[in-house]
A.B. asks: 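Structure incoming, see below.
Quick note: residue numbers are just sequence positions, from 1.
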Amino acid sequence: MAMPEQPRENLGQRRLGRGAFVGIVAAGVGTLFAGGALSRATSKVTRPLTDNLGLAGVVPSSGWRIYTVASTMPRFDPATWRLTVGGLVEKPLSLSYDDVRDLPRVQQVSDFYCVTGWIVRNVTWAGVRIDDVLKHARPAATATALNFVSSELPYEDSLTCKQAALPDVLLAYEMDGRPVPRQHGAPLRLVIPRMYGYKSVKWVEQIDLVAQPKDGYWEQRGYDRDAWIGRSNGA
Ligand SMILES: Nc1nc2c(c(=O)[nH]1)N[C@H]1C(S)=C(S)[C@@H](COP(=O)(O)O)O[C@H]1N2
Ligand SMILES: [Mo]
């Protein structure tokens, strides 16, 4: 397969505009240097960044770049939000945010690698393991993979059932001790630390069990479906 000319992930970042980028950098340095930067963080794009500041008990991991493919980020409404699990399952699920929070909670610290080269060290994620969701849906024997669909269409990506069962793979609802902020995928994002960040679908709202893995957003643009860090075509 032809390699893409250049990673084009920063398209979404550019769409946010320079103001938002300044705000994102400010969020990275946390409350320590917040004075001037915080007072700039007032536009509607940057407002969610204050989720990371203020009373946060944990210093946020820094160095994030916010990526999107659509022109607006999904907004989380706990009253209407659902995680649906469907496709090749015996029992399709529609889980509220509280339902997800009631599943067994796990926490892990890992480094986050974007295929374009930036790395964020020591991110603390908390959430649920995929198997703890799937045991309620009971996948059919013919299901070999999961397709994760973002409410930020058309972003999606898939994992094999075996990859999804890795112990450090999470559907994360907390990042660095706080609910996942809007720009990082509120309320739920996939995290698979051993693969490049493009597998880590933000704003996950639908998981479909499928017979074959499916190319995700960046895979349709030339990246490997098996995005192992250091062992794939992005490495
Ligand atoms: N819905 C959605 N999820 C996404 C992306 C995106 O553009 N949209 N970008 C991916 C890429 S390439 C990376 S590196 C990470 C970046 O995570 P961040 O935006 O929280 O920094 O999100 C991944 N998940
Ligand atoms: Mo990325």
Side-chain angles (χ1 to χ4, degrees), residues 6-16 18-34 37-38 41 45-46 48-54 56-69 73-74 106-129 148 150 152 155 157 159 163 166-204 216-218 223-224 226-232 234-235:
Q6 273 300 310
R8 288 161 59 88
E9 294 165 325
N10 55 357
L11 277 180
Q13 180 184 313
R14 235 179 303 146
R15 260 186 226 132
L16 288 179
R18 188 174 168 277
F21 186 70
V22 169
I24 289 155
V25 172
V29 295
T31 50
L32 297 175
F33 309 101
L38 243 192
V45 174
T46 53
L49 296 169
T50 57
D51 294 354
N52 260 345
L53 305 172
V58 178
V59 178
S61 49
S62 64
W64 292 99
R65 296 182 200 175
I66 307 302
Y67 287 154
T68 58
V69 294
M73 296 189 207
V106 292
Q107 187 167 310
Q108 48 107 335
V109 178
S110 52
D111 298 339
F112 189 95
Y113 289 73
C114 174
V115 73
T116 60
W118 54 268
I119 304 170
V120 178
R121 305 269 178 207
N122 297 317
V123 192
T124 304
W125 300 105
V128 297
R129 297 198 58 227
F148 298 84
S150 175
E152 195 217 12
Y155 208 95
D157 213 324
L159 294 178
Q163 291 165 353
L166 289 170
D168 52 356
V169 171
L170 285 190
L171 289 166
Y173 49 65
E174 280 178 20
M175 174 182 176
D176 293 332
R178 309 265 337 237
V180 170
R182 183 181 177 200
Q183 74 274 18
H184 289 296
L188 202 65
R189 83 178 288 166
L190 182 62
V191 175
I192 173 160
R194 299 179 216 190
M195 289 195 184
Y196 287 111
Y198 61 87
K199 300 299 285 190
S200 161
V201 179
K202 305 196 286 184
W203 305 290
V204 172
Y217 183 87
W218 283 110
Y223 286 98
D224 278 351
D226 292 333
W228 302 111
I229 294 167
R231 288 190 284 135
S232 59

A.B. asks: About how many Å separate CE of Met73 and NE2 of His184, when rounded to the nearest 0.5 Å?
C.D. replies: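 Separation between the atoms: 9.0 Å.
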A.B. asks: So do Leu190 and Leu171 actually touch side chain to side chain, heavy atoms under 4.5 Å?
C.D. replies: yes
A.B. asks: Indicate yes or no for a side-chain donor-acceptor contact from Lys202 to the backbone of Ser150 under 3.5 Å, with no hydrogens or angles considered.
C.D. replies: no
A.B. asks: So Phe112 and Trp125, would you call those rings parallel, tilted or perpendicular, with 30° and 60° as cut-offs?
C.D. replies: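 Rings of Phe112 and Trp125: tilted, as their planes differ by 30° to 60°.
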A.B. asks: Under the criterion ring-ring contact (aromatic ring centres under 6.0 Å, His included), which of Trp118, Trp218, Tyr196, Tyr217 is the partner of Tyr67?
C.D. replies: Trp118
A.B. asks: Glu152 side chain to Val69 main-chain N or O, any donor-acceptor pair under 3.5 Å?
C.D. replies: yes
A.B. asks: Could you tell me if the side chain of Leu188 sits less than 4.5 Å from the side chain of Phe148, heavy atoms only?
C.D. replies: no
A.B. asks: Which pair of heavy atoms, one from Met175 and one from Val123, lies closest together, and at what distance?
C.D. replies: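 Answer, listing the atom of Met175 first, then Val123: CG-CG1, 4.2 Å.
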A.B. asks: Between Tyr223 and Tyr198, what is the ring plane arrangement, given parallel below 30°, perpendicular above 60°, and tilted in between?
C.D. replies: tilted
A.B. asks: Does any pair with a residue in residues 183-198 pass salt bridge (charged side-chain N to carboxylate O under 4.0 Å, His left out), and if so which ones, sequence neighbours excluded?
C.D. replies: Asp168-Arg194
A.B. asks: To check you understand the geometry: which heavy-atom pair defines the closest contact between Asn122 and Asp176, and what is its length?
C.D. replies: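 Scanning both residues completely, I find the closest heavy atoms to be O-OD1, 4.2 Å.
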A.B. asks: With a 4.5 Å limit on heavy-atom distance, are the side chains of Tyr155 and Thr68 in contact?
C.D. replies: no
A.B. asks: If every non-hydrogen atom of Gln108 is compared with every non-hydrogen atom of Leu170, which pair is closest and at what distance?
C.D. replies: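 Taking Gln108 first and Leu170 second, the nearest heavy atoms are CG-CD1, 3.9 Å.
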A.B. asks: Please enumerate all residues that pass side-chain contact (heavy atoms from CB on, under 4.5 Å) together with Lys199, with sequence neighbours excluded.
C.D. replies: Asp157, Leu159, Ile192, Met195, Glu219, Arg225, Ala227
A.B. asks: Identify the heavy atoms of Ser200 and Val191 that sit nearest to each other, and give their distance.
C.D. replies: OG-CA, 4.2 Å
A.B. asks: Distance check, rounded to the nearest 0.5 Å: Asp226 atom CG versus Arg231 atom CZ?
C.D. replies: 9.0 Å
A.B. asks: Looking only at heavy atoms, which two atoms of Ile229 and Pro193 are closest? And how far apart?
C.D. replies: CD1-O, 3.1 Å
A.B. asks: Can you list every salt bridge (charged side-chain N to carboxylate O under 4.0 Å, His left out) pair that touches residues 106-122, not counting sequence neighbours?
C.D. replies: Asp111-Arg121
